Amino acid sequence: MNDIFADLKWRGLVYQTTADDHLQKWLNEKPRTVYAGFDPTAESLHVGSLLPLMQLRRFQKAGHRPIALVGGATGMIGDPSGKSAERNLLSVDQLEQNVAGIKAQVAKLVDFDETPAGAQLVNNFDWMNKFTYLEFLRDVGKHFPVNVMMAKDSIRNRLEREDSGISYTEFSYMLLQAYDFVHLNQAYDCELQIGGSDQWGNITAGTELGRRMHQKQLFGMTCPLLTKADGTKMGKTESGAIWLSAERTSPYAFYQYWFNVADEDAGKCLRFLTELSHEEIETLDKSRAEEPHQRASQKSLAEHLTQLIHGDEGLSTARRATEIFFGGTIEDMNDAQLGQIFADVPSSELARDRLTGDGLSLLDAFVEAGLAKSKGEARRAISQGGAYVNNVRAEGVDQALTERDLASETVMVLRSGKKKYALLRFQS
RNA sequence: GGGGGGUUUCCCGAGCGGUCAAAGGGGACAGACUGUAAAUCUGUUGGCAAUGCCUUCACAGGUUCGAAUCCUGUACCCCCCA
């Protein structure tokens with residue numbers, strides 16, 4: 001058995017535990033079952049969930065059995081932890097859809113085979129919906145002193161806010177998550193719950209409930225939240241969250257996100273999110289300090305995570321797109337390849353015959369493609385050398401585009417400046 | 001109710017009869033540099049069939065050869081006195 005606790009400790013992933021001295025020995029003794037919960041707020045997880053997912057994967061690789069719990073029931077309520085305002089409730093249909101989407105993503109990181117360490121995926125809606133209100137109050141609610149609950153950070157923060165408050169529903173969230181833990185303990189002999197540090201209150205509520213209901217010793221462990229050095233959230237860009245599904249965030253965009261991680265954040269990301277060995281990470285730390293321009297850490301981070309989430313094919317698409325996006329000339333491509341690489345890029349449809357005769361003026365093309373608001377703006381971009389056709393700098397304002405400028409059967413790739421792209425599709 | 005000040009191009013802010021598409025700054029965009037970074041430097045920043053033409057300085061009228069600039073009215077904002 002690998003000493004997973006030592007590894008986690010080295011990576012800085014142990015924030016709080018319910019039993020510091022005991023946990024390491026306990027984990028090394030024999031395979032244990034561990035769970036982490038995921039909120040089905042959307043049909044895809046985003047980068048924020050990568051950390052707990054990787055945690056589960058690490059546990060599985062160390063020989064333990066991971067359980068991914070999708071909060072179909074708790075998602076209907078909303079976790080007050082870390083939220084400043086009451087959450088909107090999701091519809092049952094929406095939840096079902098989300099749970100299905102998340103299942104597929106979890107499966108990429110942990111194995112659901114029949115071995116002793118084979119993962120389980122459970123949905124707490126399956127057991128929570130069997131409870132009647134009265135039963136729940138009697139069996140579970142009875143064990144929760146309200147005065148203790150009110151002292152928990154997640155609740156207290158909301159109580160102290162004058163502008164928002166907390167509903168009885170969200171107040172009760174903790175009971176549901178606590179009961180999840182107890183249920184998983186009964187059904188799967190699960191004894192450890194992991195999560196982000198914002199889950200500490202909910203996790204300890206579970207360990208306490210286990211003791212009160214069944215005199216069971218349960219364990220909890222939290223990892224630090226993955227935040228950036230500048231204080232903002234990891235996984236967010238101006239254009240929105242970075243998702244794990246290729247439909248929402250293309251493998252290329254995903255790759256780029258990690259490639260662009262700030263130097264100060266790279267070490268943490270490598271430790272938290274990759275499975276690189278300690279030696280490899282230290283080598284990268286050194287490289288980052290001595291030759292930052294090589295960006296070895298970012299490259300490695302991007303490669304590993306893209307491979308993990310989008311597979312070999314996704315990685316090669318991302319690599320090829322990267323090559324093209326940053327200078328590589330575009331020639332001898334076909335529509336399908338370009339479509340994949342430029343999946344996130346806006347495109348406009350134009351009639352094929354505009355390319356015949358004198359061709360389409362570059363000025364018009366830029367305006368049609370949406371790269372310039374007016375011809376004047378297009379003229380400016382071109383005369384300053386900031387306009388490219390298929391990644392070749394445009395010669396001048398008078399240039400006209402003809403069929404020879406097509407990069408593939410029907411597509412032409414225009415670019416303004418360093419990375420602003422647009423496609424023109426010429427259908428006959 | 002009385003008195004005074006304001007409304008300028010994406011934002012702030014000059015301009016107070018022609019030389020004003022309108023200073024300066026910010027932002028934005030582009031180029032150089034660079035690590036697909038930051039900083040820095042340079043250029044651009046109403047539209048167009050472009051040595052010119054058209055639209056813009058709260059809105060509507062007027063004076064004038066000519067108005068962002070002067071006059072009248074309208075709307076909104078601010079300040080002072082009641």
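Every chain is numbered from 1 and lettered A, B, ... according to where its sequence line falls, protein lines coming before strand lines. Keep in mind that what you see is a predicted model, and the values were worked out from it rather than measured.
- Screening residues 278-299 of chain A for ring-ring contact (aromatic ring centres under 6.0 Å, His included) gives A:Trp10-A:His278 as the qualifying pairs, with residues at least two apart or on separate chains.
- As the counterpart of B:U36, no nucleotide is assigned, since no Watson-Crick or G-U wobble pattern has both distances under 3.5 Å.
- To the nearest whole angstrom, the two P atoms, one in B:A67 and one in B:C71, are 15 Å apart.
- Checking B:G18 for Watson-Crick or G-U wobble geometry (two distances, each under 3.5 Å) identifies B:C65 as its partner.
- By the side-chain hydrogen bond (donor to acceptor under 3.5 Å, both in side chains) test, A:Ser245 is found to be paired with no residue, residues two or more places apart in sequence or in another chain being considered.
- Rounded to whole Å, atom P of B:C10 lies 11 Å from atom NZ of A:Lys373.
- Residues satisfying the side-chain hydrogen bond (donor to acceptor under 3.5 Å, both in side chains) test with A:Ser347, not counting sequence neighbours, are A:Arg425.
- Rounded to the nearest Å, the gap between the C1' atom of B:C29 and that of B:C54 is 25 Å.
- Separating the CD atom of A:Glu377 from the P atom of B:A21 is a distance of 22 Å, rounded to the nearest angstrom.
- Between A:Thr41 and A:Asn98, the closest side-chain pair of non-hydrogen atoms is not below 4.5 Å.
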Atom pairs, N/O to N/O, protein against nucleotides 29-36 of chain B, distance under 3.5 Å?
unit_1 : atom_1 : unit_2   : atom_2 : d
B:G31  : OP1    : A:Tyr388 : OH     : 3.4
B:A32  : OP1    : A:Arg393 : NH2    : 3.4
B:G35  : O4'    : A:His293 : O      : 3.2
B:G35  : O6     : A:Asp263 : OD2    : 3.4
B:G35  : N1     : A:Asp263 : OD1    : 3.4
B:G35  : N1     : A:Asp263 : OD2    : 2.8
B:G35  : N2     : A:Asp263 : OD1    : 2.7
B:G35  : N2     : A:Arg295 : NH1    : 2.7
B:G35  : N3     : A:Arg295 : NH1    : 3.3
B:U36  : O2'    : A:Asn260 : OD1    : 3.1
B:U36  : O2     : A:Gln256 : OE1    : 2.9
B:U36  : N3     : A:Gln256 : OE1    : 2.8
B:U36  : N3     : A:Gln256 : NE2    : 3.1
B:U36  : O4     : A:Gln256 : NE2    : 3.2

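- With a cut-off of 3.5 Å on both pairing distances, the Watson-Crick or G-U wobble partner of B:G73 is B:C59.
- Applying the side-chain hydrogen bond (donor to acceptor under 3.5 Å, both in side chains) criterion to A:Arg319, with sequence neighbours excluded, gives A:Glu303.
- Legend: side chain to side chain donor-acceptor pair (under 3.5 Å) pairs involving residues 385-399 of chain A, not counting sequence neighbours, sorted by first then second residue: A:Tyr388-A:Arg393, A:Asn391-A:Arg415, A:Asn391-A:Tyr421.
- Between B:A82 and B:C11, the two C1' atoms lie 38 Å apart (nearest whole Å).
- For A:Trp258 and B:A37, the CH2 to P distance is 19 Å, given to the nearest whole Å.
- Each side chain to side chain donor-acceptor pair (under 3.5 Å) pair with one or both residues in residues 365-377 of chain A, not counting sequence neighbours, appears once here: A:Arg354-A:Glu368, A:Asp364-A:Lys375.
- Taking the C1' atom of each, B:A60 and B:G25 are spaced 34 Å apart, rounded to whole Å.
- For B:G43 and B:A50, the P atoms lie 27 Å apart once the distance is rounded to whole Å.
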*Report the C-alpha distance between A:His183 and A:Tyr188 in whole Å, list the side-chain angles of each, state the deciding distance to 0.1 Å, and finish with yes or no for ring pair (Phe, Tyr, Trp, His ring centres under 6.0 Å).*
CA-CA 8 Å; A:His183 173 85; A:Tyr188 298 95; 7.2 Å; no

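- For the C1' atom pair drawn from B:C16 and B:C10, the interatomic distance equals 25 Å after rounding to whole Å.
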Please tabulate, for the side chains in residues 189-197 of chain A, all donor-acceptor contacts under 3.5 angstrom to protein atoms that are two or more places apart in sequence or on a different chain.
unit_1   : atom_1 : unit_2   : atom_2 : d
A:Gln193 : OE1    : A:Tyr35  : OH     : 3.2
A:Gln193 : OE1    : A:Gln177 : NE2    : 3.0
A:Gln193 : NE2    : A:Tyr35  : OH     : 3.4

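- Salt-bridge check for A:Arg158 with A:Asp153: failed, with every basic side-chain N at 4.0 Å or more from each acidic carboxylate O.
- Using atom P as the reference point in both B:G27 and B:U19, the two lie 31 Å apart (nearest Å).
- Rounded to the nearest Å, the gap between the P atom of B:U51 and that of B:A38 is 40 Å.
- Across all strands shown, nothing is found opposite B:U9 as a Watson-Crick or G-U wobble partner with both distances under 3.5 Å.
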*Could you run through nucleotides 50-57 of chain B and give me one letter per nucleotide, 5' to 3': B if any protein heavy atom sits under 4.0 Å from the base, S if only the sugar-phosphate is that close, - if neither?*
B-------

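- The partner of B:A30, taking Watson-Crick or G-U wobble pairs whose two distances both stay under 3.5 Å, is B:U42.
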